[in-house]
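As structure tokens, the structure follows; a few thoughts come after it.
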Amino acid sequence: MTVYRLGYVAMSVNLQNASPSQTMTLKSFKKINDWEAAVRRLERIAKSNIQNCLRLLKHNKAHEVDFFRLSSRLVPLATHEELTKWDYMAALKESLKELGRFSEANGMRVDFHPDHFVVLNSPDKEIFQVSLDVLKYHYLLLRYMGLSPDHRCVIHLGGRYADKEQSLERFIDHWAEVPKGIQKMLIIENDDTSYTLENCLYVCEKLNIPQVFDIHHHLANHDGESWEDHWPRVVNSWSHSPLPVKMHISSPKSEKEFKAHADYVDVDLLLDFVKKTNGSAEQIDCMIEAKKKDNALFKLTNELKKHPNIEMQTQSSFRWKD
DNA sequence: ATAGGTCAAGGAAGA
DNA sequence: TCTTCCTTGACCTAT
């Protein structure tokens with residue numbers, strides 16, 4: 001029987017003044033005439049973001065939530081070309097270490113999902129290079145947290161650029177230029193406009209990359225495929241990973257705005273997924289992507305508790321019993 | 001104090 | 001080939 005574990009994304013709607021993604025724009029950075037002072041301000045913001053992450057993990061621990069996506073905006077302007085000589089790790093390594101220690105000590109799975117501006121299949125060399133820089137930043141955050149970066153960073157295949165098949169092959173070509181450590185960090189998710197689950201599986205199997213199945217994206221972009229047919233391949237793509245299979249789940253905001261995320265996740269969508277995948281793996285981690293963040297997770301678990309076939313294991317994990 | 005505008009990015013889709 | 005929209009939380013500006 002499969003254990004299903006729920007997690008959520010980046011921030012809590014319950015904790016006050018705990019943003020992990022406070023920022024500073026380049027514009028306001030430049031307004032400060034003293035470069036050193038401006039950098040110190042950036043470092044203060046970054047430290048506060050990391051400390052707020054720790055608060056979030058403690059909040060999660062209190063609710064037995066041990067699966068969480070960290071914000072990618074912990075260090076503002078970290079990858080900006082105008083700040084390449086800023087050694088941000090010198091100021092942040094202690095806070096990062098503490099964050100990593102806490103997550104390890106409490107058996108938490110934490111990971112990242114940089115936004116869609118990371119495009120490894122871009123034909124533009126500069127965009128490819130900037131994408132690598134952003135990935136390296138994520139790699140360093142994990143390293144300084146003292147965590148193995150393996151399979152902790154979700155990305156998409158990228159753009160279509162008029163010729164989808166050729167662009168998909170370009171991802172494979174570019175992969176050879178991605179440093180080994182970063183290769184091992186990456187996992188691939190099907191997206192809602194271009195690359196379907198099967199497109200991604202083709203790449204994942206070729207390059208030995210775990211596949212993250214996003215059911216909402218699949219419903220928006222499936223090309224007639226049924227995910228159930230491909231599910232064994234998804235599970236198999238994780239066979240060489242020390243981490244459990246991971247999937248994303250969210251409900252459409254409305255029929256009209258189908259691709260946008262709703263406040264909460266429809267419990268029936270999750271139950272349907274559970275019924276169809278039960279027994280396929282030891283554990284499946286389900287990332288709740290909803291506007292109401294942790295409240296969406298809590299609402300789901302409250303609904304699950306009432307279901308006759310659900311047996312809660314902890315406050316955020318459960319099993320299906322026949 | 002608060003509302004509405006702006007910011008940053010790359011790509012898709014429409015004009 | 002161009003413009004507009006998408007997405008996101010938070011910052012910024014005007015009231």
Side-chain angles (χ1 to χ4, degrees), chain A residues 8-32 38 41-42 44-53 55-56 68-83 112-138 154-168 170-171 174 189-196 199 214 216-217 220-221 223 248 250-254 256-263 287-296:
Chain A
Y8 70 100
V9 178
M11 56 184 289
S12 161
V13 297
N14 293 295
L15 287 193
Q16 300 297 308
N17 302 314
S19 168
S21 44
Q22 277 188 286
T23 192
M24 187 173 182
T25 60
L26 190 66
K27 211 173 164 183
S28 48
F29 179 85
K30 283 179 164 171
K31 267 191 211 161
I32 305 168
R41 173 130 188 243
L42 277 178
R44 268 206 308 279
I45 293 170
K47 261 188 206 169
S48 153
N49 286 342
I50 296 164
Q51 277 155 9
N52 283 338
C53 270
R55 281 183 62 199
L56 283 158
F68 187 62
R69 178 190 303 165
L70 299 169
S71 164
S72 280
R73 303 188 194 180
L74 293 179
V75 190
L77 302 176
T79 59
H80 201 283
E81 57 175 355
E82 299 205 27
L83 281 118
F112 285 113
H113 188 359
D115 54 22
H116 60 281
F117 307 112
V118 169
V119 258
L120 291 182
N121 80 336
S122 174
D124 184 327
K125 278 219 178 315
E126 216 165 292
I127 291 169
F128 175 71
Q129 188 52 54
V130 168
S131 299
L132 280 187
D133 293 344
V134 172
L135 291 175
K136 188 180 173 194
Y137 152 77
H138 287 85
V154 187
I155 59 164
H156 297 288
L157 286 182
R160 291 200 301 267
Y161 309 98
D163 187 333
K164 188 171 142 175
E165 204 168 321
Q166 198 186 345
S167 300
L168 185 143
R170 197 180 316 105
F171 183 96
H174 284 185
E189 176 194 353
N190 56 304
D191 66 76
D192 60 7
T193 45
S194 302
Y195 296 103
T196 64
N199 296 153
D214 187 309
H216 185 186
H217 290 169
N221 175 41
D223 217 0
H248 292 171
S250 45
S251 288
K253 188 174 181 187
S254 64
K256 211 173 159 210
E257 296 170 277
F258 190 85
K259 291 176 179 177
H261 290 175
D263 286 353
M287 184 57 80
I288 307 301
E289 296 182 328
K291 289 270 182 219
K292 297 290 184 187
K293 307 292 179 188
D294 49 341
N295 273 359

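Chain A is the first sequence line, chain B the second, and so forth, proteins listed ahead of strands; every chain is numbered from 1.
Side-chain atoms of H216(A) and E289(A) include no donor-acceptor pair closer than 3.5 Å.
Residue F117(A) contributes atom CZ, which lies 3 Å from atom C1' of dA9(B) at whole-angstrom precision. In this structure, L77(A) atom CG and dA8(B) atom P are separated by 10 Å, rounded to whole Å. Here dA12(B) presents its C1' atom at 15 Å from NE2 of H217(A), a figure rounded to the nearest Å. Atom-to-atom, CG of L157(A) to C1' of dG10(B) comes out at 16 Å; the value is rounded to the nearest Å. Rounded to whole Å, atom C1' of dC7(B) lies 16 Å from atom CD of Q22(A). We find that OH of Y137(A) is positioned 15 Å from C1' of dA9(B), with the value rounded to whole Å. Taking atom CG of D133(A) as the reference point, atom P of dA8(B) lies 19 Å away to the nearest angstrom.
Residue contacts for L26(A): at a heavy-atom cut-off of 4.0 Å it reaches no nucleic acid atom on any strand shown. No engagement by K259(A) is indicated, since no non-hydrogen atom pair under 4.0 Å with the nucleic acid exists. Residue T193(A) is classed as having no contact, given no heavy-atom separation below 4.0 Å to the nucleic acid. S122(A) comes within 4.0 angstrom of sugar-phosphate atoms only, judged by non-hydrogen atoms across all strands, and of no base.
Aromatic ring centres of H113(A) and H138(A) lie farther apart than the 6.0 Å criterion allows.
Note: S250(A) OG to D263(A) CG = 12.0 Å, rounded to the nearest 0.5 Å. Expressed to the nearest 0.5 Å, how far NE2 of H174(A) lies from CG of L120(A) amounts to 9.0 Å.
When atom types are taken as modelled, the side chain of K164(A) and the backbone of S194(A) share a donor-acceptor pair closer than 3.5 angstrom. Distance alone, capped at 3.5 Å, places no donor-acceptor pair between the S48(A) side chain and the R44(A) backbone.
If you find the closest nucleotide of DNA chain C to M11(A) and to R41(A), the one lying nearer the 5' end belongs to M11(A). Across the interface with DNA chain C, nearest-nucleotide mapping of P20(A) and K31(A) shows P20(A) to be the residue nearer the 5′ end.
Remark: R160(A) is in phosphate contact with dA13(B), judged by side-chain N or O atoms under 4.0 Å from OP1 or OP2.
Paired with S12(A) under the rule side chain to side chain donor-acceptor pair (under 3.5 Å), one option of N295(A), D294(A), N52(A) passes, and it is D294(A).
For DNA chain C, the span of nucleotides reached by chain A at under 4.0 Å from its heavy atoms goes, 5' to 3', from dT8(C) to dT13(C).
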